[in-house]
2 protein chains.
Amino acid sequence: MEHSISEVARMSGLTSRTLRHYDDIGLLRPVRTASNGYRWYGRRELLRLQRILFLRELDVPLAQIGRILDGDRDGVAALRRHRADLVAHRDRLEEIIATVDRTIADLTGQAHLSEEEFFTGLSARRDDLRRDLEARYGAAAGEHFTGADTVTGGWTREEHEQAAAQGRRLLRRLSEARSSGTAPGSAAVLDLMSEHYQGVRLLWPADAAAYHALADVVTGNPNQRAMIEEIDPLLPPWLADAIRAYAVRRLGYVPARGRE
Amino acid sequence: MEHSISEVARMSGLTSRTLRHYDDIGLLRPVRTASNGYRWYGRRELLRLQRILFLRELDVPLAQIGRILDGDRDGVAALRRHRADLVAHRDRLEEIIATVDRTIADLTGQAHLSEEEFFTGLSARRDDLRRDLEARYGAAAGEHFTGADTVTGGWTREEHEQAAAQGRRLLRRLSEARSSGTAPGSAAVLDLMSEHYQGVRLLWPADAAAYHALADVVTGNPNQRAMIEEIDPLLPPWLADAIRAYAVRRLGYVPARGRE
DNA sequence: CTGGACCTTCTCGTTACGTCAACTTCTAGC
DNA sequence: GCTAGAAGTTGACGTAACGAGAAGGTCCAG
């Protein structure tokens with residue numbers, strides 16, 4: 001009892017193209033290929049196909065399916081690893097969905113947690129910030145503020161608002177990381193901090209040292225601190241740690257002992 | 001304040017290749033490209049990139065990111081649709097994880113719900129089945145059983161066991177669909193039934209009419225019924241409906257009024 | 001012997017880039 | 001001015017799992 005490729009396609013719900021593909025990659029070979037090139041499948045092939053379809057439905061990559069079915073050596077271990085991937089994927093989706101929800105709420109104006117602009121608010125208080133940095137670290141730290149090119153003057157009102165919303169979203173994501181017990185220096189947080197660093201650089205060409213100095217500003221500067229506490233009262237010191245961690249680990253900042 | 005491609009790469013954590021790619025597909029154009037081909041990015045481009053990264057982290061496809069950022073016309077609606085996709089994806093993952101768990105349990109012998117073989121059990125009772133079908137629908141229905149080529153005689157013991165485990169898993173997945181209130185004729189169930197049909201065909205070249213006749217067997221034949229009830233007491237009648245639905249909707253069976 | 005159904009082997013397109021390869025350009029040091 | 005090295009460029013191929021379509025061979029019924 002042999003079956004043509006279209007018969008197998010009908011029985012399995014696959015297309016003949018897919019079956020040809022499985023032949024190409026060696027996942028499911030026909031029992032024989034006639035001299036005219038026609039593929040013929042037998043019962044044993046159908047059994048294998050059935051198991052292929054099952055594993056495929058579990059999102060197991062075809063290559064792995066082949067390994068599981070061939071050397072059955074440790075199909076269970078492979079499945080366990082696959083399960084771990086699935087769970088991680090699902091957890092990540094949970095986070096993403098939550099973030100999307102808050103983003104939608106933010107965009108539709110349902111969330112007025114803070115009408116203040118974050119990055120732009122930062123920009124509006126440049127003089128304040130500059131004095132703060134200079135007082136803490138001397139004139140060199142504030143020097144970067146001199147260029148007029150760092151101002152956001154060229155932005156439209158819409159761009160301002162988008163930047164502000166972006167900043168609030170970022171702070172909320174950081175708040176989430178903090179409240180879930182994630183360390184400020186963990187890789188996941190540093191990834192988020194790269195967004196923060198980039199946001200800061202939109203307004204101010206901070207190098208590693210200047211960015212590092214910003215850590216003290218978010219806890220020490222009343223305006224900055226109040227803006228952040230409005231989103232999460234416990235965030236400022238944690239954010240300060242994250243800023244320092246990012247400056248050191250991703251920007252290569254070497255904690256100064258008085259150089260320059 | 002213009003930035004070279006490698007500066008932007010460092011700031012954003014992307015590679016220069018990725019930035020070149022974004023230029024190619026029109027997602028992020030440099031503010032200018034010098035006569036030597038070098039790309040230069042300004043503040044406005046960094047702002048756009050920041051929003052790109054945010055949406056990208058939410059698994060929004062690049063093409064859609066472009067549409068959202070350009071004509072901001074209905075970015076919220078797009079996000080809502082995207083959210084629906086994410087939720088569906090997560091729900092599907094939940095199901096898959098549950099199935100993988102049961103599969104692992106099955107493979108490691110932790111689940112001895114039924115030591116009987118399903119498809120192979122069906123095979124072992126071929127005479128029984130044949131008499132049943134003939135009694136219900138006349139000799140024509142049982143005729144398919146005559147070929148010796150339908151026997152699973154060529155199978156190894158391992159193949160028998162795998163087929164049996166596969167059959168039990170399928171019944172459990174069907175049971176899950178039933179208990180969650182899914183209709184036997186729904187697309188999702190028909191997809192599962194294609195596995196059932198294929199499993200049956202491994203043992204017995206049933207056409208649409210013969211498969212349709214099998215519906216009465218799973219409720220009427222004591223052996224079959226008992227085997228299925230062992231997995232889910234409420235499954236037999238529901239499974240019968242699913243078999244009929246599959247025969248009609250996927251195999252094109254026309255409910256007979258006495259033809260042939 | 002002809003039409004239609006079914007089969008074959010290319011080949012390109014999809015997504016979001018990674019990874020060479022081959023070349024040009026810029027910059028710093030001698 | 002020369003040269004090495006860093007950084008830039010444009011192709012072009014590879015990835016996973018096929019879909020779609022082209023161009024052509026094969027089989028079967030009327």
Side-chain angles (χ1 to χ4, degrees), chain A residues 2-41 45 49 51-69 78 82 85-86 89 92 96 191 252, chain B residues 2-41 45 48-49 51-69 78 82 85-86 89 92 96 252:
Chain A
E2 292 186 331
H3 304 276
S4 71
I5 197 169
S6 63
E7 280 172 354
V8 177
R10 260 197 305 276
M11 286 166 53
S12 62
L14 299 176
T15 66
S16 58
R17 172 68 177 89
T18 299
L19 290 169
R20 243 171 259 125
H21 179 59
Y22 288 176
D23 187 5
D24 288 346
I25 65 176
L27 182 59
L28 180 70
R29 305 270 191 210
V31 64
R32 70 187 184 86
T33 301
S35 58
N36 59 10
Y38 283 27
R39 292 169 176 81
W40 294 100
Y41 297 84
E45 285 68 39
L49 177 54
R51 295 208 281 150
I52 290 172
L53 290 175
F54 176 70
L55 289 170
R56 197 185 69 149
E57 197 178 339
L58 304 185
D59 280 346
V60 180
L62 295 189
Q64 195 179 334
I65 292 179
R67 284 195 298 270
I68 291 176
L69 294 190
H82 182 59
D85 291 345
L86 290 172
H89 192 178
R92 177 152 178 274
I96 288 176
D191 288 346
Chain B
E2 291 187 332
H3 305 276
S4 72
I5 196 167
S6 64
E7 280 173 354
V8 176
R10 259 196 307 273
M11 286 167 54
S12 63
L14 299 176
T15 66
S16 59
R17 173 67 179 91
T18 299
L19 291 169
R20 243 171 258 125
H21 179 60
Y22 289 176
D23 186 5
D24 289 346
I25 65 177
L27 182 60
L28 181 70
R29 305 270 191 212
V31 63
R32 69 185 185 87
T33 301
S35 58
N36 57 11
Y38 283 27
R39 292 168 176 81
W40 294 99
Y41 297 84
E45 286 67 40
R48 185 179 170 93
L49 177 55
R51 296 208 282 150
I52 289 172
L53 291 175
F54 176 69
L55 289 169
R56 196 184 71 149
E57 197 178 341
L58 304 184
D59 278 345
V60 179
L62 296 188
Q64 194 178 334
I65 292 179
R67 284 194 299 272
I68 291 176
L69 294 190
H82 182 60
D85 291 345
L86 290 172
H89 193 177
R92 178 152 178 273
I96 290 176

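Each chain gets a letter, A, B and so on, in the order the sequences are listed, and its residues count up from 1.
- Of the residues in residues 52-60 of chain B, B:R56 come within less than 4.0 Å of DNA chain C through at least one heavy atom, sorted by number.
- D:dA12 atom C1' lies 15 Å from atom NE2 of B:H21, rounded to whole Å.
- Side-chain atoms of A:P30 and A:W40, non-hydrogen and from C-beta on, never get closer than 4.5 Å to each other.
- Within 4.0 Å of B:S16, counting heavy atoms only, lies no atom of the nucleic acid at all.
- Between A:L14 and B:R20, the residue whose closest nucleotide on DNA chain D is further toward the 5' end is B:R20.
- With a heavy-atom cut-off of 4.0 Å to chain B, the contacted part of DNA chain C has its first and last nucleotide at C:dA16 to C:dC26.
- Panel note: side chain B:E7, backbone B:S4; a donor-acceptor pair is recorded below 3.5 Å.
- Here D:dT9 is the nucleotide among D:dA7, D:dT9, D:dA17 with the atom lying nearest to any side-chain atom of B:I5.
- Between the side chain of B:R51 and the backbone N or O of B:I65 there is no donor-acceptor pair closer than 3.5 Å.
- The shortest non-hydrogen separation linking B:S16 to B:A9 is N-CB, 4.0 Å.
- Two residues are said to be in side-chain contact when any heavy atoms from C-beta on lie closer than 4.5 Å; A:L14 and A:L53 meet this criterion.
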Residue pair B:D59, B:H82: steps toward the side-chain contact (heavy atoms from CB on, under 4.5 Å) verdict | CA-CA 9 Å; B:D59 278 345; B:H82 182 60; 4.3 Å; yes

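- Looking at every heavy atom in both residues, B:D23 comes nearest to B:R29 through O-NH1, 2.5 Å.
- Where B:N36 and A:S6 meet DNA chain C, the nucleotide closest to each residue was compared, and A:S6 sits on the side nearer the 5' end.
- For the pair A:Y22 and D:dA17, the criterion of a side-chain N or O lying under 4.0 Å from OP1 or OP2 is not met.
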Give the intermediate values and the outcome of side-chain contact (heavy atoms from CB on, under 4.5 Å) for residues B:L19 and B:Y41.
-> CA-CA 10 Å; B:L19 291 169; B:Y41 297 84; 4.0 Å; yes

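- Residue contacts shown for A:R39 are limited to sugar-phosphate atoms, with no base heavy atom under 4.0 Å away.
- Atom CH2 in B:W40 sits about 13 Å away from atom C1' in D:dT9, given to the nearest Å.
- Between the CG atom of A:L19 and the P atom of D:dG19 there is a distance of 10 Å, given to the nearest Å.
- Put simply, B:S4 has no side-chain N or O that comes within less than 4.0 Å of OP1 or OP2 on D:dA7.
- What separates CG of B:D23 from C1' of D:dT10 is a distance of 12 Å, to the nearest Å.
- A 4.5 Å side-chain heavy-atom check between A:E45 and A:H3 finds every atom pair outside the cut-off.
- Distance A:D24 CG to D:dG19 C1': 14 Å, rounded to the nearest Å.
- Of the two residues contacting DNA chain C, namely A:R17 and B:T15, the nearest-nucleotide position lying further toward the 5' end is that of A:R17.
- Going from atom NE2 of B:H3 over to atom C1' of D:dA7 covers 17 Å, rounded to whole Å.
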